[in-house]
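First comes the structure, then the notes that go with it.
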2 protein chains.
Amino acid sequence: MSCVEATPARSRNAAATRAAILKAACGRFSREGYDGASLRDLASDAGVDPALICRYFGSKEDLFAEALKNCASPPDLFGGDPKSFPERVAQMLVVEPKPEGKLEHLLMVLRSAASTKAAEIIRRNNRETFYGPLEEWLGAPDAAVRARAVAGIIMGFAVARAIDDDAMLQDGERQQLCRKVADLLRTAIG
Amino acid sequence: MSCVEATPARSRNAAATRAAILKAACGRFSREGYDGASLRDLASDAGVDPALICRYFGSKEDLFAEALKNCASPPDLFGGDPKSFPERVAQMLVVEPKPEGKLEHLLMVLRSAASTKAAEIIRRNNRETFYGPLEEWLGAPDAAVRARAVAGIIMGFAVARAIDDDAMLQDGERQQLCRKVADLLRTAIG
DNA sequence: CGCCTATGTCACCGCCTGTTGACTTAAGTC
DNA sequence: GACTTAAGTCAACAGGCGGTGACATAGGCG
């Protein structure tokens with residue numbers, strides 16, 4: 001009774017609660033990985049009782065799978081102008097200040113891949129929502145090989161940045177690296 | 001992979017015990033990451049009481065730091081003939097059947113980077129034993145940029161393989177991808 | 001209003017984790 | 001052979017984890 005409500009009272013709306021949990025899950029999983037993100041912290045982010053998570057999603061693994069489907073993907077990554085694809089992606093991977101939002105899906109994969117529980121879910125999801133669309137978008141001959149090459153580069157520079165967290169290059173060097181990554185992507189596609 | 005060590009009587013030899021723990025740590029950490037590898041499993045691998053680990057190394061973090069220094073690095077990765085560097089590395093990353101042994105250090109980094117506890121240790125170690133030597137070996141102009149480019153590619157294809165575990169490409173495609181990765185490395189270096 | 005079901009809360013379970021300190025035992029020295 | 005000390009064992013700790021089932025309550029419907 002005397003307990004103060006910190007959150008502005010989301011009045012018993014199941015859909016909104018589910019959405020809040022899912023959003024918090026995307027954030028936590030992409031920042032801390034599957035093992036590092038506890039259901040309790042996650043629930044606290046969403047302003048929700050931990051027990052509710054299991055009620056709504058069944059288990060942590062199920063929640064992870066759901067979050068993987070619903071979280072932010074790099075918008076229009078494979079969509080926009082194919083001509084500017086290398087520059088766009090290189091820009092996002094190397095120079096963009098806070099790419100975590102756009103890279104949520106990718107970071108979630110990279111930071112959770114070590115976990116046995118999450119690995120299989122990730123593999124399945126990767127084929128359906130990463131390699132699949134990428135191959136289709138690349139089309140032409142050797143789609144599988146070129147898709148793997150592009151994916152390797154994207155993951156590599158994403159993980160490099162996730163590990164080092166920006167603290168290494170000066171601005172000029174960053175621009176150089178960006179051009180080089182664009183070159184690499186062109187090589188991979190071509 | 002339990003007691004492969006068929007030496008049931010390691011008769012009270014501190015150095016040998018330390019070495020056994022360190023070896024087991026490299027294996028577990030590179031296969032399961034910092035969070036996924038428990039001291040108990042690790043101790044069981046080494047045929048040792050879990051308490052001994054804390055006695056010898058202080059804490060799990062200290063053990064991880066020590067293992068990171070001592071575990072197998074890609075032998076002669078930056079050492080051999082610079083001319084054949086791209087082919088050698090591409091071969092190891094893409095076609096070699098069981099590169100886990102050679103890639104122990106790299107996998108340990110990739111699979112543990114998500115853990116808060118391990119992250120700082122990894123960053124420090126990376127600069128000292130990965131970017132540092134790589135920059136020195138590359139030398140010439142823009143060493144930092146080219147080192148980052150090479151490192152990004154290596155990490156990217158290592159993590160791609162660690163996630164998908166080989167189950168995707170046919171042999172012909174694998175050869176194609178290998179050539180492409182060698183091309184990428186040449187682009188990165190040049 | 002009064003009910004009844006969906007929604008949210010709470011206490012608790014069993015398990016596993018890293019770490020510690022007291023204990024036992026083997027090896028090396030005199 | 002007795003003693004000392006390094007090396008290894010054991011049980012237990014405090015805390016966190018994912019997950020469950022019993023309870024409380026709000027809100028729409030009759």
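Note that this is a predicted model, so its numbers are computed, not measured. Order of the sequence lines sets the chain letters (A, B, ...), proteins ahead of strands, with each chain counted from 1.
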Reported CE-to-CG distance for the pair A:Met155 and A:Leu106, which is rounded to 0.5 angstrom: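 Here the rounded value is 7.0 Å.
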Between [X] and [Y] (side chain of the first, backbone of the second, donor and acceptor by atom type, cut-off under 3.5 Å), is there such a pair?
{"X": "A:Arg146", "Y": "A:Ile189", "value": "yes"}
{"X": "A:Thr17", "Y": "A:Asn13", "value": "yes"}
{"X": "B:Lys180", "Y": "A:Ala188", "value": "yes"}
{"X": "B:Ser38", "Y": "B:Asp41", "value": "yes"}

Rounded to the Å, how far apart are [X] [atom1] and [N] [atom2]?
{"X": "A:Tyr34", "N": "D:dG18", "atom1": "OH", "atom2": "C1'", "answer": "9 Å"}
{"X": "A:Asp49", "N": "D:dG19", "atom1": "CG", "atom2": "P", "answer": "15 Å"}
{"X": "B:Ile21", "N": "D:dT9", "atom1": "CD1", "atom2": "C1'", "answer": "14 Å"}
{"X": "A:Arg55", "N": "D:dT20", "atom1": "CZ", "atom2": "C1'", "answer": "10 Å"}
{"X": "A:Leu63", "N": "D:dG19", "atom1": "CG", "atom2": "P", "answer": "10 Å"}
{"X": "A:Arg18", "N": "C:dG8", "atom1": "CZ", "atom2": "C1'", "answer": "16 Å"}
{"X": "B:Arg40", "N": "D:dC13", "atom1": "CZ", "atom2": "P", "answer": "14 Å"}
{"X": "B:Phe57", "N": "C:dG18", "atom1": "CZ", "atom2": "C1'", "answer": "16 Å"}

Remember a base hit wins even if backbone is also touched, and classify A:Ala37 as base, sugar-phosphate or nothing at under 4.0 Å, heavy atoms.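 A:Ala37: backbone/sugar contact only, no base atoms under 4.0 Å.
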How is A:Leu39 classified with respect to the nucleic acid when contacts are heavy atoms under 4.0 Å: base, sugar-phosphate, or nothing?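 Sugar-phosphate only.
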For [N] and [X] - does any side-chain N or O of the residue sit under 4.0 Å from the phosphate oxygens OP1/OP2?
{"X": "A:Thr17", "N": "C:dG8", "answer": "yes"}
{"X": "A:Ser38", "N": "D:dG16", "answer": "no"}
{"X": "A:Tyr56", "N": "C:dG8", "answer": "yes"}

Please determine, for the side chain of B:Arg12, which listed nucleotide (C:dA26, C:dT7, C:dG18) has the closest atom?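 My answer, after comparing the listed nucleotides, is C:dA26.
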Among the candidates D:dC10, C:dG8, D:dG18, find the nucleotide nearest to the side-chain atoms of A:Lys60.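 When the side chain of A:Lys60 is considered, D:dG18 is the closest of D:dC10, C:dG8, D:dG18.
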